[in-house]
Undergrad: 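First, the structure itself, so that you have it in front of you.
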Amino acid sequence: EPDQEIKVAQVGIPGSGAEESAAISEESTIENRWLDPPKDQEIIVAPELILDPNTMFDDAVGLLKSGDYIAATKSFSTFYTLYPDHDFADDALYRAAEALYLRRDFTEAIIAYDRMINIFPASVHRAAAMLKLAYSHHELGDDKAALRVVKELKSLYPASLSAQLADDRMSRIGSSD
C-alpha cells in the first residue's frame, strides 16, 4: 500500500545540528551514540524512500571510500538498524566502526568494534575488528587493554594476518606476549 509507513529508529550523529543534543547524552560512553538509536525517538519513512539493501550498502561504502566518515557511520548504522539479519549486517557494523576509527574517535570505535565482535562472533571481520579494537585501546593509552585483546586475538586466530599485525604493533610498545 502506498500510504503505508515504516518506523525507523533515528540515529543521532554528532555535528548534525539540534538533534544532536536530544540524541546524545552525557552517558555516551555506556551506549554507542553512533550505532544505538535513541530509545524515545522515531522517524517515519515512506517505503518508497527505503533503498534496496544492496544499493544502500554500496552507497555507504562509497561514502567511506570518499572520506565522508560521519555520513558513512550514519549510513552503515542505518543499514544495520533496517536490516539486522542481512548478509552484510556484520560488515555494516564493522565498517561503521572503521569510520569511527578513521575519524580518530577511538572511544566510540572501541564501543563499535566490541559491539560487532559480540553480536557477530562468527564474522569473517572478527579478527580485523579485534586488531582495530587493540589499536584503539593503544591510541587512548590503555596498553594493558590493548595487550589483553591481542592475546585473545592470537589465541583465536594465531595464523591470521591480524595476529601478525598485532604482534608487530605491540612489539613496538614493549610486549608481544
Side-chain angles (χ1 to χ4, degrees), residues 8-14 23-42 53-54 56-57 60-61 63-64 69-167 169-170 173 175-177:
V8 178
Q10 180 177 348
V11 179
I13 299 298
I24 301 170
S25 71
E26 290 299 319
E27 299 166 359
S28 64
T29 55
I30 297 170
E31 291 183 63
N32 189 323
R33 61 183 166 170
W34 295 91
L35 302 176
D36 290 333
K39 310 283 186 285
D40 59 345
Q41 295 182 7
E42 292 182 330
N54 294 331
M56 187 176 190
F57 187 84
V61 169
L63 291 167
L64 184 63
Y69 303 132
I70 292 174
T73 302
K74 181 177 179 180
S75 294
F76 285 121
S77 298
T78 300
F79 178 92
Y80 179 73
T81 299
L82 292 172
Y83 307 108
D85 298 320
H86 192 277
D87 288 344
F88 297 157
D90 65 324
D91 199 2
L93 285 183
Y94 174 74
R95 290 177 189 239
E98 285 288 281
L100 291 164
Y101 182 88
L102 291 167
R103 287 192 68 231
R104 302 188 59 79
D105 188 348
F106 300 117
T107 301
E108 293 298 326
I110 287 169
I111 295 166
Y113 285 122
D114 192 53
R115 182 175 186 208
M116 183 263 149
I117 290 164
N118 289 317
I119 292 174
F120 296 103
S123 172
V124 298
H125 300 291
R126 188 166 192 236
M130 292 177 76
L131 174 67
K132 290 293 186 73
L133 178 61
Y135 285 179
S136 296
H137 281 296
H138 171 67
E139 291 290 340
L140 292 176
D142 190 352
D143 290 340
K144 184 177 178 181
L147 291 168
R148 180 181 37 79
V149 174
V150 166
K151 184 176 180 180
E152 182 180 2
L153 169 62
K154 289 169 52 178
S155 170
L156 295 171
Y157 308 99
S160 70
L161 176 60
S162 294
Q164 293 170 2
L165 293 170
D167 267 347
R169 170 78 69 96
M170 293 300 113
I173 64 167
S175 176
S176 62
D177 293 343

Undergrad: Look up atom CD1 in I70 and atom CG in L100, then write down how far apart they are to the nearest 0.5 Å.
TA: 9.5 Å
Undergrad: Less than 6.0 Å separating the ring centroids of Y80 and H86?
TA: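 No - the distance between ring centres of Y80 and H86 does not fall below the 6.0 Å cut-off.
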Undergrad: For the atom pair CD (E139) and OG1 (T107), what is the distance rounded to the nearest 0.5 Å?
TA: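 Rounded to the nearest 0.5 Å, the CD-OG1 separation comes to 11.5 Å.
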Undergrad: May I ask you to test the M56-L82 pair for a side-chain heavy-atom distance under 4.5 Å?
TA: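 Side chain of M56 against side chain of L82, heavy atoms only: contact under 4.5 Å found.
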Undergrad: Please tell me whether D143 and H137 have a donor and an acceptor in their side chains that are separated by less than 3.5 angstrom.
TA: no
Undergrad: With heavy-atom distances below 4.5 Å as the criterion, would you say the side chains of I110 and L140 are in contact?
TA: yes
Undergrad: With side-chain contact (heavy atoms from CB on, under 4.5 Å) as the test, would you mind laying out the steps for L102 and L64 before giving the verdict?
TA: CA-CA 9 Å; L102 291 167; L64 184 63; 4.1 Å; yes
Undergrad: Test side-chain contact (heavy atoms from CB on, under 4.5 Å) on D90 and I119; report intermediate values, then the result.
TA: CA-CA 8 Å; D90 65 324; I119 292 174; over 6 Å; no
Undergrad: Please report the shortest heavy-atom distance between A72 and A99, naming the atom on each side.
TA: CB-CB, 4.3 Å
Undergrad: Identify the two heavy atoms, one from A127 and one from S160, that lie closest to each other, and give their separation to 0.1 Å.
TA: CB-OG, 4.5 Å
Undergrad: Going through the checks in order, is the side-chain contact (heavy atoms from CB on, under 4.5 Å) test met by T78 and K74?
TA: CA-CA 6 Å; T78 300; K74 181 177 179 180; 4.2 Å; yes
Undergrad: Do we see a donor-acceptor contact under 3.5 Å between the side chains of E108 and Y101?
TA: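 There is no such pair between these side chains.
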Undergrad: Rounded to the nearest 0.5 Å, what's the gap from OH on Y94 to CD1 on I117? Could you check?
TA: 10.0 Å
Undergrad: How close do A146 and A134 get, counting heavy atoms only, and between which atoms?
TA: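 Taking A146 first and A134 second, the nearest heavy atoms are CB-O, 3.3 Å.
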Undergrad: Roughly how far, to the nearest 0.5 Å, is the CZ atom of F79 from the CG atom of L93?
TA: 10.0 Å
Undergrad: Could you state the interatomic distance from CG (L153) to CG (L165), rounded to the nearest 0.5 Å?
TA: 9.5 Å
Undergrad: Using modelled atom types only, decide if a donor and an acceptor are shared between the side chain of T73 and the backbone of Y69 within a distance under 3.5 Å.
TA: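 Flag set: sc T73 to bb Y69 pair under 3.5 Å.
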Undergrad: Check whether any side-chain N or O of N118 sits under 3.5 Å from a backbone N or O of D114 as a donor-acceptor pair, and report yes or no.
TA: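 It does hold such a pair.
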Undergrad: Write down the atom of A129, the atom of M116, and the distance for their closest heavy-atom approach.
TA: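 Minimum heavy-atom separation between A129 and M116: CB-SD, 3.7 Å.
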Undergrad: Indicate yes or no: at least one non-hydrogen side-chain atom of S162 is less than 4.5 angstrom from one of Y157.
TA: no
Undergrad: Would you say V150 and M130 make side-chain contact, with heavy atoms under 4.5 Å?
TA: no
Undergrad: Quick check: do F57 and F76 have side-chain heavy atoms less than 4.5 Å from each other?
TA: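 Side-chain contact under 4.5 Å: yes.
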Undergrad: Atom CG in D91, atom CD in E98: separation rounded to 0.5 Å?
TA: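 If I round to the nearest 0.5 Å, the distance is 10.0 Å.
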Undergrad: Does any part of the side chain of D167, heavy atoms only, come nearer than 4.5 Å to the side chain of Q164, both counted from C-beta?
TA: no
Undergrad: Quick one: does F120's side chain get under 4.5 Å of H125's, heavy atoms only?
TA: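 Sidechains of H125 and F120: no contact.
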Undergrad: Using side-chain heavy atoms (C-beta onward) and a distance below 4.5 Å, is F88 in contact with P53?
TA: no
